[in-house]
Amino acid sequence: MKTTGLIEKYKEYLPVNDSTPIISMGEGNTPLVSSRSIISHIGCKNLCFKLEGSNPTGSFKDRGMVFAVSKAIEEGKQRIICASTGNTSASAAAYGARYGLETFVFIPEGKIAMGKLSQAMIYGAKIISINGNFDEALKTVINISKEFDIGLVNSLNPYRIDGQKTASFEIVDEINDSPDYLFIPVGNAGNITAYWKGFKQYKNQNKINNLPKMMGFQAAGSAPIVTGKPVKNPETIATAIRIGNPASWENAEKARDESGGIIDMVEDKEILSAYMKLSNEEGIFCEPSSAASVAGLLKLSSQGFDFSGKNIVCVLTGNGLKDPGTVNTKVVSEIHNIDSDIDKIRNKITSLMER
Ligand SMILES: *Cc1c(COP(=O)(O)O)cnc(C)c1O
């Protein structure tokens, strides 16, 4: 049986009409995996990870991109453009290649993970690296998109949000309920906006009786929503959330306030610690940015927040393979070099055994 994508599956919940092309390369329908280890630190009833790194280009951006590209085709656009910390450009480039749209991506110089840049290159996007940060790149592409009539596929594009909200539908469809808490990294704040929109839409359709509390986490070095003012020079190892002036700032605050949730921040060392725990204890390799959701949960839990009896979902937004640089520079792991002599190998193996 052929895989149907999320536009086909959720078309009754999306602004799809007769002339909207139903396109797909298998995005959505990502695994919701139970925690085996981290749950023991939290004391909740259920803890699951939504593995958005399983999307075709390795991040949740494909959910919004497939629909933004569908709508761009419907509108007769020949070209799309975006500013990106990496994953949006990877996704735009892939869907652009598949559906014959010329793709322009603007990236902040030197601040994009190697895997993501490789994706934009191999899919054949026209890549423009600007000497500035994401926020500056976004301002530029907004102007360029108007001047040249190019489809803007950043999350300012409402179809991006519509596509991304399908992740909340999937969670509800899978657990037949709303979780009590949704933990999610916050960068440009499109995703928290999208999840909240999805949960509210399902509640309006009486698919759920309750709504989750939205728990957003920014990186401490780029936490404008937490501090209440734009950050001029955002800094964090979590490059996908290295954003100083989020486009969906107000909507993120609405999601927080309407749901009774929070938007808080985590230090890079807390992000790295969660990133390592996910890999070492759960076997899940996500991006540093993704680990901000779990870092936030661990932080609240260590502060004594009571999660007993609660169902929690942490969104793991992207695949760890996108950012091998962080592993190479931040993770201390010895590679044991020895001669291929069977006695030396036996001795080495014995010395490495822990039980
Ligand atoms: C884009 C992205 C984020 C941030 O999502 P926003 O919608 O910008 O808040 C987090 N993690 C990863 C891996 C991303 O690609």
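Whatever order the structure lists them in is the order used to number ligands and atoms, beginning at 1. For this chain, numbers begin at 1 and follow the sequence in order.
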Ion pair check, E52 and R63, cut-off under 4.0 Å: yes
Which of the ligand 1 atoms, numbered from 1, are nearer than 4.0 Å to a heavy atom of [X]:
{"X": "G318", "answer": "13 (C)"}
{"X": "G190", "answer": "6 (P), 7 (O), 9 (O)"}
{"X": "V186", "answer": "9 (O)"}
{"X": "E287", "answer": "13 (C)"}
{"X": "N188", "answer": "6 (P), 8 (O), 9 (O)"}
{"X": "S289", "answer": "11 (N)"}

Audit row: N87, K322, side-chain contact (heavy atoms from CB on, under 4.5 Å) steps and yes/no: CA-CA 9 Å; N87 282 332; K322 283 175 170 278; 2.7 Å; yes
So if I apply the salt bridge (charged side-chain N to carboxylate O under 4.0 Å, His left out) rule between E258 and each of K197, K200, K203, which one comes out positive? K200
From the list K165, K207, K50, salt bridge (charged side-chain N to carboxylate O under 4.0 Å, His left out) with E170 holds only for K50
For a quick check under 3.5 Å, do [X] and [Y] share a side-chain donor-acceptor pair by atom type?
{"X": "T57", "Y": "D62", "result": "yes"}
{"X": "E282", "Y": "S37", "result": "no"}
{"X": "Y10", "Y": "Q201", "result": "no"}
{"X": "N17", "Y": "T20", "result": "yes"}
{"X": "Q164", "Y": "N191", "result": "yes"}

Can you tell me which portion of T88 lies within the under-4.0 Å heavy-atom range of ligand 1? Options are side chain, backbone, both, or neither. neither
Return the residue, atom name and 0.1 Å-rounded distance of the protein heavy atom closest to [atom].
{"atom": "atom 11 (N) of ligand 1", "value": "T317 OG1, 2.7 Å"}
{"atom": "atom 14 (C) of ligand 1", "value": "K61 NZ, 2.9 Å"}
{"atom": "atom 7 (O) of ligand 1", "value": "N191 N, 2.8 Å"}
{"atom": "atom 5 (O) of ligand 1", "value": "F60 CZ, 3.5 Å"}

Geometry only, no angles: is S59 polar-contacting ligand 1 at N/O separations under 3.5 Å? no
Is A189 near ligand 1, meaning one of its heavy atoms is under 4.0 Å from it? yes
For atom 9 (O) of ligand 1, the option (of G187, A238, G216) bearing the nearest heavy atom: G187
